[in-house]
Amino acid sequence: MSVLASILNTQHLGVDDLVTLLSLEDPAELERLYAAAYAVKAREVGKVVYLRGLVEVTNVCVCECRYCGIRAGNPDVERYTIEAEEVLAGARWAWDQGFGSTVLQGGERCDGAFIDYVEGIVAGMHEMSGREIGVTLSLGEQREDTYRRWRRAGAQRYLLRIETTNRELFASIHTDDQSFDQRLECLDRLRSCDYQVGTGVMIGLPGQTAADLARDVLFMRDRDVDMVGMGPFIPHQDTPMADSLGDFEQIKDRQLELGLKMIACVRLALRDVNIASTTALQALGPRGRERGLLAGANILMPNVTDTRFRRGYQLYDGKPGLDEGSEASCRALERSVEAVGETIGYHRRGTSPHYRRRKSGSKSE
Ligand code: SAH
């Protein structure tokens, strides 16, 4: 049996196996990797794509992440916070379109007014949907009581990326007051508040090695996460990391490919989790999103933020969908999903099978 075939047959992938997979370059071998991951996806989570309507509620942020276009220190960003009523109207629109689930994402804010604001929106979404809707939050590091309040209001899921598990790399892309251990603690808090927990990393950061990425995959497996959202790093011109990868145009395709390899590796190693095919993939290639599905992802997060706010939420350069109306993005998405021979799970929350198994296996439930 070839080395690749034997790795693809391995039940419990190790660092070296993952490094080999992440280093593949031969197109035929890459296709075998993606096909193997796709087979695991079809078996474990099915060929149904679940939608999460993404609302970027605010770009106000207290953090200075060195990679991020909406970092607090970027003076060229016009700051906005969408009125709660308007967020709810957007969520209702997505619900009426058959999106069973919504993600509220934003910059990081920990002030009381913001905590109340989010709590009110989450409660309003449940009222609007007869408590049927899935609500995911992606609002950064918060205190335990905040996570609890939002959980009680009805948010069931939370996405908080570890960004990278290489501590030195983590330190180099953040500022001194942001700590890796604090991030880990937040992931623990979310778990103890009984969220479905999602994490992820940026792929292709300057100085990041295949071994780093392999360890990222194993981190997600060992942490027993329910959901994964990750995407290639794409530089933003107004950040300290603008030129950190040299001429980005030259490496765009490699960056996309690395993103796809990571999706495949996570699918092979974690099996029954939900994995998002993220906007950053789409930014790197016109079929990035579809290719993500074919490499093992099963979740799409169409942006349903009102178009007038989109320019304010440029995490990286070339973020797609700036002028695209929400209606148009939905139709484009349907076509993408049909093109890969899958269907959209409309009107369904699409809870991660991993979470269900984890809960039914635990004595406390
Ligand atoms: N404030 C929230 C949401 C942050 S934006 C939080 O901290 O969790 C969501 C994700 O966008 C981040 O976790 C990061 O992984 C990603 N991101 C930010 N800047 C990026 C860039 N330049 N390229 C690719 N991804 C980026």
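Whatever order the structure lists them in is the order used to number ligands and atoms, beginning at 1.
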Task: Residue and atom name of the nearest protein heavy atom (relative to atom 19 (N) of ligand 1), distance in Å to one decimal - done: Y67 CD1, 3.3 Å
Task: Those residues that, when tested against R92, pass side chain to side chain donor-acceptor pair (under 3.5 Å) (two or more places apart) - done: none
TODO: Could you tell me whether the side chain of R310 and the main chain of N303 form a donor-acceptor pair under 3.5 Å?
DONE: yes
Open item on the list: Under 4.0 Å, heavy-atom basis, I'd like to know which part of C61 is in contact with ligand 1: side chain, backbone, both or neither.
Closed with: neither
TODO: Quick one: look at R161 and ligand 1, take heavy-atom pairs under 4.0 Å, and tell me if it's side chain, backbone, both or neither.
DONE: side chain
- [ ] Write out the residue and atom name of the closest protein heavy atom to atom 13 (O) of ligand 1, then the distance separating them to 0.1 Å.
- [x] E163 OE2, 2.6 Å
Task: Close N or O approach (I234, ligand 1; < 3.5 Å) - done: yes
TODO: State whether a side-chain donor-acceptor pair under 3.5 Å links D177 with T175.
DONE: yes
Open item on the list: What protein heavy atom lies closest to atom 17 (N) of ligand 1? Include the residue and the distance to one decimal.
Closed with: M202 SD, 4.0 Å
TODO: Tell me which protein heavy atom sits closest to atom 1 (N) of ligand 1, plus the residue, atom name and distance to 0.1 Å.
DONE: G106 O, 2.8 Å
Open item on the list: Tell me which one of L139, V103, T81 satisfies side-chain contact (heavy atoms from CB on, under 4.5 Å) with V57.
Closed with: L139
- [ ] Can you pull out the closest protein heavy atom to atom 11 (O) of ligand 1? Residue, atom name and distance to 0.1 Å, please.
- [x] L315 CD1, 3.5 Å
- [ ] Using a strict cut-off of 4.0 Å, indicate which atoms of ligand 1 neighbour a heavy atom of C68.
- [x] 19 (N)
Open item on the list: Looking at R308 and E86, is there a salt bridge between them, counting it only when a charged N and a carboxylate O are closer than 4.0 Å?
Closed with: yes
Task: Nearest-neighbour protein heavy atom for atom 24 (C) of ligand 1, which is reported as residue plus atom name and distance - done: P232 O, 3.3 Å
Task: Charged N-O contact under 4.0 Å between R357 and E44 - done: yes
- [ ] Return the orientation label for the Y80 and F309 ring planes: parallel under 30°, perpendicular over 60°, tilted otherwise.
- [x] tilted
Open item on the list: Does R183 form a salt bridge (charged side-chain N to carboxylate O under 4.0 Å, His left out) with E163? I'd like the steps, not just the answer.
Closed with: CA-CA 10 Å; R183 190 62 63 105; E163 311 297 358; 3.7 Å; yes
TODO: Report yes or no: does G200 have a heavy atom closer than 4.0 Å to ligand 1?
DONE: no
Task: Mutual orientation of the aromatic rings belonging to H174 and F170 [parallel < 30°, tilted 30-60°, perpendicular > 60°] - done: tilted
Task: Nearest-neighbour protein heavy atom for atom 9 (C) of ligand 1, which is reported as residue plus atom name and distance - done: Q105 NE2, 3.5 Å
TODO: Using a 4.0 Å heavy-atom threshold (strictly under), name the region of E141 that reaches ligand 1: side chain, backbone, both or neither.
DONE: neither
TODO: Could you list the atoms of ligand 1 found under 4.0 angstrom from a heavy atom of G140?
DONE: 2 (C), 6 (C), 7 (O), 8 (O)
